[in-house]
Visitor: 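Just dropping this structure here.
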Number of protein chains: 2
Amino acid sequence: MSRASDHAYTVIRGMILAGELPPGAQLSEEALALRCEVSRTPVRDALRRLESDLLIRRSESQRSFVADWSDDDIEDAFELRSMLEAQAARRAATRIAPAQLEALRHHNRLIGAAISGDRADIPAFLDNNRAFHEIILAAAGSSRLASLLTRLIEQPVVWRTAQNYDRENLQRSHREHEELIAAFARQDPAWAASIMAGHIRRAYYAYLDAYTAQRTAAE
Amino acid sequence: MSRASDHAYTVIRGMILAGELPPGAQLSEEALALRCEVSRTPVRDALRRLESDLLIRRSESQRSFVADWSDDDIEDAFELRSMLEAQAARRAATRIAPAQLEALRHHNRLIGAAISGDRADIPAFLDNNRAFHEIILAAAGSSRLASLLTRLIEQPVVWRTAQNYDRENLQRSHREHEELIAAFARQDPAWAASIMAGHIRRAYYAYLDAYTAQRTAAE
DNA sequence: GTGCAGCTTATTGTATACAAATAGCCCAGG
DNA sequence: CCTGGGCTATTTGTATACAATAAGCTGCAC
C-alpha cells in the first residue's frame, strides 16, 4: 500500500509487539504522527487497520488504546485459531498443488536446520514456520478464511510464544509438520485437520507453560 | 461512530445490499462523497470498514470495487459461518444469563408471530432473527469470535437468503430456534453447537434452492 | 494493423486547518 | 469532605487543497 500509511502501520505495530506501547496505553493520533514523521491522516488509516487486527481497541468515545488480553482472551484466541487452521488444513488437503507440497517440505527442512544447532535459530524458525502455515492457507483457497485467520495470527501473545519454546517443543513442532506433510501427500482432509488442531493446541500449552513460569518467577 | 462517517457507511452499504451498486462496479471516493453529501475523508473511512466487512475488495492499485461472489465463495462463507456460530452456541450454552435466555424466548415468540399470518412479515422475521443470533454471540463472551462473525453475517448473499425463504423454511427456522433455547436451558454445549451448525447449514441449502430456482427461471 | 511511448485524465494518498466532542480539572456550594 | 457544574485543554472528526500514482488514450513508428 501507500508509503506513509504503511510506514505508520509497521512502526506502530512494531511498537506494540515490542512492548514499547504496553497494553492499555492510550494512543494519540498526533503523538504517533510525530513519532512516524507523517501527518495524522495516514496514522488514522494505520489505527483502523490495527483495530481490525484486534491489536487496538477503541473506547466508545473513539479513543484508541493498546488491546490488553486476559488469560481467557488468550485461550479464546488459540481456540479459534485451532479451529480455523484445522479448517484450512482440511480444505488444503484435497487442493494442494505438488509445488506447494514441495515448498512445505523445503520450509520444514529449513526449520529442522534452524533447531538442530547448539543454539536454535529462533528467527529462522519463526520465518519458516510462518511461510509453512501461509502455504497451507493459500492452498486452502478461501479468501474469507485467510482474512479471518490473519486477524488471529501474529498477535503479541502468539508472536511471543515461540520465543519461549524449549528445544523439545521446537522439535515436536517440526515432527508435527512432517505429519501434516504426510497427510497432505495422502490428500486426507480428516487427518490433516486433526494434526493441525493438535499442533495449535500444543502451541497454546507451550505458551501457557512459558508464561506461567515467567509469572511465577516474577513473584 | 461519528455522524458523517457512519452516514457514508450506511448509505454505501445500503446501495451495495440493494444491488444499486452491482458486484464488480468500481467505487470512486469522489462520486460517493457527492452521493452522501460529505467529503472524501469520511467516505474513505467507510470504504475501509466495508473492505474489512468483505463487501468491497481493492485492486492492487488501491481502487475499490464491489465484491463479487462465486458459488464456491458463498458455500465457503456459509461453511465458516456454520463453524463459528456453532462455536458461539457451544460457548454460550454454559455462560448464558437467565435474562438472555428470556430475551431469546421473547424474540422467537416475535418470529413466530411474524410468520404466522397470511403473509409472512419478512422484515420483522429478519430483525428478530438478527437479535436472536446477536444475543447468543453476546452470551458467548468472546470479542474475537464476535469480530470474526460480524464479517460473515449480513453480507449480500446471506442477507437475501431469508427473502427467498418459503413458509416451510421459516417455520423450520422457528422450530430450530426453539431447540436452541432448550439446549441453552439445559446448558448443554454439544447440543447447542450441533443444532446451530445444522441451522446454518440448512439456511445454506434454502439459499441454494431459491438461487438456483431464480437462475433457472431467468434462462 | 499492431505495439509502444508519452501525454492526459481520473483516482487515490497526504498534509493541514478548522470544527466538534469529550475528558479532566478546578472551584463553588452543600 | 464530597458533589456537581462549568471551563479548559486534549483528542478526534471533517473539509479542502495539493501531490503522487495509475489507467486509458492518442498518435507515431514499424
Side-chain angles (χ1 to χ4, degrees), chain A residues 1-16 19-68 143 147 150-151, chain B residues 1-16 19-68 143 147 150-151:
Chain A
M1 197 184 274
S2 50
R3 209 178 82 257
S5 169
D6 257 358
H7 178 240
Y9 177 82
T10 308
V11 169
I12 299 169
R13 187 168 172 285
M15 291 198 293
I16 293 174
E20 191 176 335
L21 293 170
Q26 182 172 356
L27 301 172
S28 147
E29 293 178 358
E30 187 128 11
L32 292 173
L34 282 172
R35 176 72 173 72
C36 301
E37 296 179 311
V38 295
S39 82
R40 269 180 57 213
T41 311
V43 167
R44 285 175 68 79
D45 216 80
L47 288 179
R48 287 274 146 70
R49 277 195 271 169
L50 290 163
E51 187 196 354
S52 139
D53 290 348
L54 298 177
L55 249 65
I56 281 178
R57 64 163 250 272
R58 311 189 73 179
S59 74
E60 82 182 296
S61 61
Q62 306 306 318
R63 281 162 170 74
S64 302
F65 301 85
V66 178
D68 53 347
S143 60
S147 158
T150 53
R151 291 185 161 72
Chain B
M1 195 186 274
S2 49
R3 209 178 80 256
S5 169
D6 258 358
H7 178 240
Y9 176 82
T10 307
V11 169
I12 298 169
R13 185 168 171 285
M15 291 198 293
I16 293 174
E20 191 176 335
L21 293 170
Q26 181 172 353
L27 303 172
S28 145
E29 293 177 359
E30 186 127 12
L32 293 171
L34 283 171
R35 177 71 174 71
C36 301
E37 295 178 312
V38 296
S39 80
R40 269 181 57 214
T41 311
V43 168
R44 286 175 66 79
D45 217 80
L47 288 179
R48 286 275 143 72
R49 278 196 270 168
L50 291 164
E51 187 195 354
S52 138
D53 291 347
L54 298 178
L55 247 65
I56 281 178
R57 64 163 250 272
R58 312 189 73 179
S59 73
E60 82 183 296
S61 62
Q62 306 305 318
R63 282 162 169 76
S64 302
F65 301 84
V66 179
D68 53 348
S143 59
S147 158
T150 52
R151 290 185 162 71

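A, B, ... follow the sequence lines: proteins, then strands. Residue 1 opens every chain. The figures that follow rest on heavy atoms only: side chains count, while hydrogens, waters and symmetry mates do not.
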Visitor: Reckon A:R58 has a side-chain N or O less than 4.0 Å from the OP1 or OP2 of D:dG13?
Guide: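 Answer yes for this pair, as a side-chain N or O of A:R58 is under 4.0 Å from OP1 or OP2.
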Visitor: Side chain of B:S5: nearest nucleotide among C:dA15, C:dG13, D:dT14?
Guide: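 Of C:dA15, C:dG13, D:dT14, D:dT14 is nearest to the side chain of B:S5.
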Visitor: Nearest whole Å is fine: how far is D:dT11 C1' from A:L47 CG?
Guide: 12 Å
Visitor: Counting side-chain heavy atoms from CB outward, which of D:dA17, D:dT14, C:dA15 is closest to A:S39?
Guide: C:dA15
Visitor: Flag the pair B:R49 and B:D6 as a salt bridge only when some basic side-chain nitrogen lies within less than 4.0 angstrom of an acidic carboxylate oxygen.
Guide: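 Judged by the 4.0 Å cut-off on N to carboxylate O distance, B:R49 and B:D6 do form a salt bridge.
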Visitor: Would you mind reading off the distance between A:E37 atom CD and C:dA15 atom P, rounded to a whole angstrom?
Guide: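 My rounded result for the distance is 11 Å.
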Visitor: Give the minimum heavy-atom separation between B:C36 and B:A8, together with the two atoms involved.
Guide: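 Smallest interatomic distance, heavy atoms only, reads SG-CA, 4.0 Å.
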Visitor: Consider the side chain of B:V38, meaning its heavy atoms from C-beta on, and name the nucleotide among C:dC18, C:dG13, D:dA15 that approaches it most closely.
Guide: D:dA15
Visitor: Side-chain N or O of B:S61 versus OP1/OP2 of C:dT11: is the shortest distance under 4.0 Å?
Guide: no
Visitor: As a test of reading the structure: which of D:dT10, C:dA15, D:dT14 is closest to the side chain of A:R63, going by heavy atoms?
Guide: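 Out of D:dT10, C:dA15, D:dT14, the nucleotide with an atom closest to A:R63's side chain is D:dT10.
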Visitor: Rounded to whole Å, how long is the line connecting atom CG of A:L27 with atom P of D:dT11?
Guide: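 After rounding, the reported distance stands at 11 Å.
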Visitor: Can you tell me the distance, in whole Å, between the CD atom of A:E30 and the C1' atom of C:dA21?
Guide: 16 Å
Visitor: Take the protein atom CZ of A:R3 and the nucleotide atom P of D:dA19, then report the distance between them rounded to whole Å.
Guide: 15 Å
Visitor: Any salt bridge between B:E51 and A:R48, counting N to O under 4.0 Å?
Guide: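 Not counted as a salt bridge, because no side-chain N and carboxylate O are separated by less than 4.0 Å.
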Visitor: May I have the distance from A:Q26 (atom CD) to D:dT11 (atom P), rounded to whole angstrom?
Guide: 6 Å
Visitor: Taking CZ from A:R40 and C1' from D:dA15, how many angstroms apart are they, rounded to a whole number?
Guide: 12 Å
Visitor: Between A:L34 (CG) and D:dT10 (P), how many Å, whole number?
Guide: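 Going from A:L34 (CG) to D:dT10 (P), I get 14 Å.
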Visitor: Check the phosphate of C:dT14 against A:T41, side-chain N and O only, distance under 4.0 Å to OP1 or OP2. Yes or no?
Guide: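 So the side chain of A:T41 is outside the cut-off, no N or O lying under 4.0 Å from OP1 or OP2 of C:dT14.
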Visitor: With nearest nucleotide decided by heavy atoms, which residue, A:S59 or A:P42, maps closer to the 5′ end of DNA chain C?
Guide: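 The answer here is A:P42.
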Visitor: More than 12 foreign heavy atoms under 6.0 Å from CD of A:E30: is that the case here?
Guide: no
Visitor: Measure the shortest side-chain to side-chain distance between A:L27 and A:V43 over non-hydrogen atoms and say whether it is less than 4.5 angstrom.
Guide: no
Visitor: Given D:dT12, is OP1 or OP2 found less than 4.0 Å from the side-chain N or O atoms of A:R44?
Guide: no
